[in-house]
Structure formats: structure tokens, C-alpha cells
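Throughout, protein chains are lettered first and strands after them, A, B, ... in sequence-line order, and every chain is numbered starting at 1. For the numbers below, each heavy atom of this structure counts, side chains included, while hydrogens, waters and symmetry mates do not. Note that the structure is a prediction, hence the values are computed from the model and not measured.
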Number of protein chains: 2
Amino acid sequence: MPSAGEDMDTWIEQDRTDRTSGAKRTRTSPDTGTLGKAVAVLDVVAQAERPMRFRDLREVIGQPPGTLHRQVSNLISEGLLQVNPDQSYGLGLRLLQFAARAWSGNRFREIAEPHLAALHDKTGETVHLGVLSDLEVIYLDKVESRQAVRMHSQIGNASPCYCTGVGKAALSALPTEDVEARAARIDFHRHTEHTLADAAALGAELADIRAAGIAYDREEHETGIHCVAAPIWSHDRSFVGGISVTAPSYRIAMAQLEHWADDVRAAAAAINADIEIRLGPRA
Amino acid sequence: MPSAGEDMDTWIEQDRTDRTSGAKRTRTSPDTGTLGKAVAVLDVVAQAERPMRFRDLREVIGQPPGTLHRQVSNLISEGLLQVNPDQSYGLGLRLLQFAARAWSGNRFREIAEPHLAALHDKTGETVHLGVLSDLEVIYLDKVESRQAVRMHSQIGNASPCYCTGVGKAALSALPTEDVEARAARIDFHRHTEHTLADAAALGAELADIRAAGIAYDREEHETGIHCVAAPIWSHDRSFVGGISVTAPSYRIAMAQLEHWADDVRAAAAAINADIEIRLGPRA
DNA sequence: AATGACGTTCCACTATATGGAATAAACGTG
DNA sequence: CACGTTTATTCCATATAGTGGAACGTCATT
């Protein structure tokens with residue numbers, strides 16, 4: 001049993017007996033066979049900075065040309081991958097379609113939506129909804145004042161859990177053993193001078209957050225941006241996430257964030273109550 | 001060679017010698033093996049109206065329990081699928097992450113963006129960017145006045161090509177043989193009383209559109225909504241799409257749309273020029 | 001025109017997905 | 001509350017489907 005990090009998979013066991021016994025398991029998930037290799041390709045294309053052509057892919061993936069070619073062909077046939085006019089690869093449009101459904105079909109998002117809107121009305125600042133996915137927070141929704149900044153710039157994006165309000169709030173909803181297991185795998189990159197430095201600092205911070213029911217991001221991810229956040233969770237904690245009110249520090253003082261804490265906490269509590277009702281044990 | 005419909009796959013041939021010789025090929029893509037089965041599962045979950053539990057999936061997919069279970073397990077491990085608290089399946093968050101990248105990394109969208117904004121400034125109405133994907137239009141971007149309507153409600157969504165402005169514009173950029181091949185596969189559902197009834201009507205309409213360089217949707221998809229659209233394309237027509245200005249007919253008269261036609265055509269021409277420069281043969 | 005790099009196809013081989021059956025867990029019901 | 005029934009999960013021999021080396025096109029480069 002490799003790691004006890006994932007507890008949202010209790011229903012379906014995912015670790016199968018490791019056939020390739022001494023194989024290097026870098027980071028990527030318990031053997032998912034052909035599918036795993038396929039999404040590995042997608043991942044490379046998704047993560048890539050510069051345009052990736054066949055040769056570039058080959059270099060990163062390390063598969064022989066014949067094999068890679070077929071994998072890529074299949075992905076293209078399925079619409080998950082595209083060839084740009086300049087023969088570089090891009091993610092396929094089918095992923096957009098899937099995501100549109102994933103988003104609109106997401107029960108958490110649906111339930112949280114009105115509460116986010118209310119919170120935005122009350123504060124006038126940007127409100128986020130995010131859920132924890134392993135070591136990252138994925139933003140599911142966003143309500144903001146000026147539409148100038150595009151919604152898509154955030155939705156679906158992932159940020160580290162240890163330096164965001166939503167991330168720390170989400171972690172605070174997990175049992176400490178679980179947090180410790182995850183923390184051990186975190187690469188604590190120092191984004192700003194306020195970024196938490198290590199697992200110990202995170203653990204201490206989380207204790208405070210649990211006590212208060214509120215998490216602050218004090219410019220820990222991006223200089224000049226801070227936020228108040230509160231945790232939300234499903235009845236069995238298989239999902240944990242959070243909501244936050246984010247603002248630029250030059251305009252909104254820390255004191256103001258603290259003043260909003262009650263509203264944020266209340267909104268989160270309301271969401272949790274709704275979740276309990278609509279997704280609870282006896283839903 | 002089964003069908004001449006897909007010409008955006010010339011670079012990578014996707015039809016492999018059919019091992020299962022007399023197999024029924026309903027509609028889904030030329031044998032993509034394990035991957036194909038996996039996305040078939042995703043598709044079922046995505047398309048599903050009611051919540052799908054294991055049993056429901058099994059019924060639709062028609063795979064034996066053991067097999068389906070492993071496929072589902074793998075999808076879950078990869079984050080492409082999730083189990084909701086009520087043990088129904090939903091699309092995974094990883095799809096959101098991929099989509100965020102697919103969107104921000106899309107060259108077409110990137111190039112078109114400023115032109116869409118300009119067109120919106122000029123008209124004050126909602127502007128769309130969509131690309132043709134087989135028989136459907138997938139919306140890549142949207143600029144609208146009131147932010148009340150959520151962006152996500154459209155982005156990534158697919159609409160039929162035969163009853164939307166963008167769709168008809170896109171088709172008009174394809175060679176007639178190609179259009180005919182696709183038209184033969186279209187199910188001409190009568191969304192409104194103005195919806196084109198069959199392939200012949202579509203063909204005639206497309207001739208007009210080609211001549212004018214402008215397509216109208218005269219409440220053909222949704223009653224009370226009409227639009228002006230113009231085609232855009234890549235140098236080799238491997239991608240075709242369109243941009244449109246959409247408005248409710250009660251507020252904006254047809255005459256006004258016709259008045260905007262020149263602007264729409266000009267914007268599309270500008271996008272095409274940009275594409276030629278930045279994605280052209282000698283990019 | 002010749003060279004070389006890159007991409008694609010082919011086919012014997014074997015790793016991997018398959019599905020039937022057996023097991024376990026959840027569910028409803030008398 | 002125990003029973004039968006439905007639904008989900010595990011296991012394993014088998015065969016299918018993915019693999020990768022090598023041979024073949026194809027395009028750019030000198």
C-alpha cells in the first residue's frame with residue numbers, strides 16, 4: 001500500500017498488485033495501464049510551455065516512435081488532442097465539452113452558487129469556490145465585480161494548497177494524519193516572503209484555522225493579494241473545499257478581511273448545511 | 001475507407017485495418033481500442049440526464065461487470081471520473097484542469113480575442129467564437145454585455161451546425177463535397193419553425209452564404225434569437241469556424257443585423273488575416 | 001540531387017485488457 | 001432481524017490489443 005494520502009477513493013480501491021515489481025513509481029497514480037499512458041501524453045501537452053511537436057513529445061514521454069504515434073493517433077481520433085496548423089499538438093475540443101458538463105453537473109458548485117453570489121453582494125469583492133484535489137486546489141467557481149478579468153482565467157485552474165486561503169481551509173477539514181501524509185509530499189515553494197516554509201509551519205497554522213473556522217492567506221501566494229476563507233465539506237469528508245473572499249491589499253486592509261470573517265464563516269456553514277441536506281447520508 | 005467526412009485528420013491517418021471484420025460501426029470513431037472504451041464511459045456519464053450508478057452504466061455500456069469496474073476504476077484513478085456522495089458518477093475535476101489549458105492554449109481563440117472585443121464594442125451585443133467539430137459547433141469564446149448570464153453556460157457547449165449562424169458560416173468555408181458528406185449524417189431536428197428542414201435546404205442556404213460571405217440565423221435554433229455570422233478558417237481549412245453577433249429579435253431588428261454584416265465580415269477577415277500570418281504555411 | 005531528420009507503417013511478440021465465475025457488500029422484504 | 005436478492009468487487013486463465021524494432025515514406029536542408 002504505497003501511500004495513505006488519498007482517502008476519497010475508499011469506495012473503489014485503486015491499487016492493484018504491482019506486476020512490474022521494482023518499477024520506479026515517480027508520482028503518477030497506481031498503474032492505470034493504457035489509459036494512464038494516454039493521459040500522461042495529455043498532461044505533457046497541457047503542461048508544456050513551448051509548442052510540442054512529435055519529436056518533443058517523444059523526448060519527454062520516452063516511448064518508441066511507433067508506440068507514441070499510435071497513442072497520439074488514438075487521442076486525436078477521440079478528439080482529446082489536436083494538431084495545430086504548425087504541426088504542434090494542442091488539447092482537443094472534446095475536453096472543453098467534457099469540462100462544460102463536468103462544471104454544470106457538479107453538485108457542489110450548484111449548491112454553493114447562490115451562497116457565493118450572496119457573499120459577493122455583501123462584500124463587493126471577488127468570491128471563489130475551490131475543492132481540494134490531492135495537493136492542489138481546483139477552482140470551481142468565481143464571482144467577481146469587474147468582468148474585465150476573464151472567468152476562464154481561474155476556473156479549472158489549480159493552485160497549491162499550502163499557500164491559498166481555500167487550500168488551507170480545505171486542509172483544516174481533514175484529519176491531522178491525512179494532512180501530515182499529504183504535507184510530506186508537498187514541495188514548499190516560497191512564492192512570497194509570507195509563504196509557509198514547511199510542514200511544521202503548515203501544521204501550526206492549521207491548528208489555528210481549525211480553532212477559528214477561518215483561514216487567511218496573508219499574501220502567501222501572490223504579493224499584494226490576500227483573502228479570508230472558510231472550509232466546506234461533504235458529510236464523509238470525501239470532498240473538502242472552501243470559499244474565499246479575495247482582495248488586493250492596497251485597497252482592502254487586513255482588518256476589513258477580519259471583519260468579513262463572520263460572513264464567510266456563515267456562508268460556508270450555510271453551504272455545508274445545504275450539502276448535508278442534498279448530498280447527505282440519506283439523501 | 002468508410003467515410004470522407006473527416007478531412008482534418010489528413011496528417012495522421014486514423015483508420016487501421018479492421019480486425020473485427022464484420023463489426024457494427026455505429027458512429028463512434030475508427031477503433032481506438034482501450035482508450036475509446038474509456039472515453040465512451042466518460043461520454044455516457046457526460047450525456048446522462050439522471051444520475052448514473054454502476055448498474056446504470058453497465059446497462060448502457062454493455063460490458064461485463066468485471067471489465068466495466070476496472071475501466072471505471074482507472075478513470076477514477078486518473079481523476080477523469082468521480083463518485084458522488086450518493087454513489088453516482090460525475091466527470092472528474094481533472095477534466096476542468098485540462099479544459100482550462102485547452103482553452104487558454106488555443107491559438108484560434110487567442111488570435112480572435114481582440115477582434116471579438118472590438119466587434120462587441122461596435123455592436124454592444126453578444127459576440128461568439130465557435131469552431132466546427134464534425135457536425136457540431138463548439139463555442140470557444142463569448143463576449144457579452146451583461147455578465148449576469150454566466151460565461152460557462154456557453155463555452156465548451158456544442159450546438160448543431162445546421163441551425164446556428166456560426167455553424168452555417170463554418171460549413172460555407174468547406175468544399176461542397178465535404179459539406180454533402182456531413183449533411184448526409186445530420187439529423188435535421190426542427191428546433192423552431194424556421195429551422196432548415198433537410199440537406200437540400202442547407203445546400204441552397206450555403207450557396208447564398210458563400211456568395212455573401214455572411215450567414216444569418218433567423219431564429220432557426222431558438223425562437224426569439226437571431227444572429228449574423230461570418231466564417232473563419234485556417235490556411236488549409238483543417239479548422240473552420242465562425243464569429244457571430246447575437247441578439248434577441250424583440251430588441252434588435254433583422255435590418256440592424258444586416259447593417260452589422262459589414263462589421264462582422266470585416267472582423268472575420270481581420271481574424272483570417274491574423275491566422276494566416278501567425279499560423280500560416282510559413283509561420 | 002543527395003543527405004539527413006522526422007514521421008509513419010508493418011508485424012512478430014508479449015504485456016494487458018477481458019469476462020466468466022466466485023465472493024462480498026448493500027439493499028429491501030417478509 | 002434474518003433471509004433472499006440485487007448490486008458491487010475481486011480473481012484468474014485466456015485471448016486480445018498494445019508494444020517496439022526495423023523498414024519505409026516524406027519533407028527540409030546543403
Whole-Å gap separating [atom2] ([N]) and [atom1] ([X]):
X: B:R55; N: D:dT9; atom1: CZ; atom2: P; answer: 14 Å
X: B:R70; N: C:dA15; atom1: CZ; atom2: P; answer: 17 Å
X: A:I61; N: C:dG7; atom1: CD1; atom2: P; answer: 14 Å
X: A:Q87; N: D:dA28; atom1: CD; atom2: C1'; answer: 12 Å
X: A:E59; N: C:dG7; atom1: CD; atom2: C1'; answer: 15 Å
X: B:N74; N: C:dA17; atom1: CG; atom2: C1'; answer: 10 Å
X: A:L35; N: C:dT16; atom1: CG; atom2: P; answer: 14 Å
X: A:F54; N: C:dC6; atom1: CZ; atom2: P; answer: 12 Å

Answer yes or no: is there a side-chain heavy-atom contact under 4.5 Å between [X] and [Y]?
X: B:D56; Y: B:Y89; value: no
X: B:D134; Y: B:R185; value: yes
X: A:M52; Y: A:S88; value: no
X: B:L202; Y: B:I186; value: yes

[X] side-chain N/O to [N] phosphate OP1/OP2 under 4.0 Å:
X: B:H69; N: D:dT9; value: yes
X: B:R53; N: D:dT7; value: no
X: B:T34; N: D:dG18; value: yes
X: B:Q71; N: C:dA17; value: no

Review point. How many angstroms lie between CG in A:L171 and OG1 in A:T176, if you round to the nearest 0.5 Å?
Key: 12.0 Å
Review point. Among the nucleotides D:dT19, D:dG20, C:dG19, which one has an atom lying closest to any side-chain atom of A:K37?
Key: D:dT19
Check your understanding: Which residue lies toward the 5' end of DNA chain C, B:G66 or A:D56, if each is placed at its nearest nucleotide?
Key -> A:D56
Check your understanding: Does A:T67 get its side chain close enough to the base of D:dG18, under 3.5 Å, for a donor-acceptor pair?
Key -> no
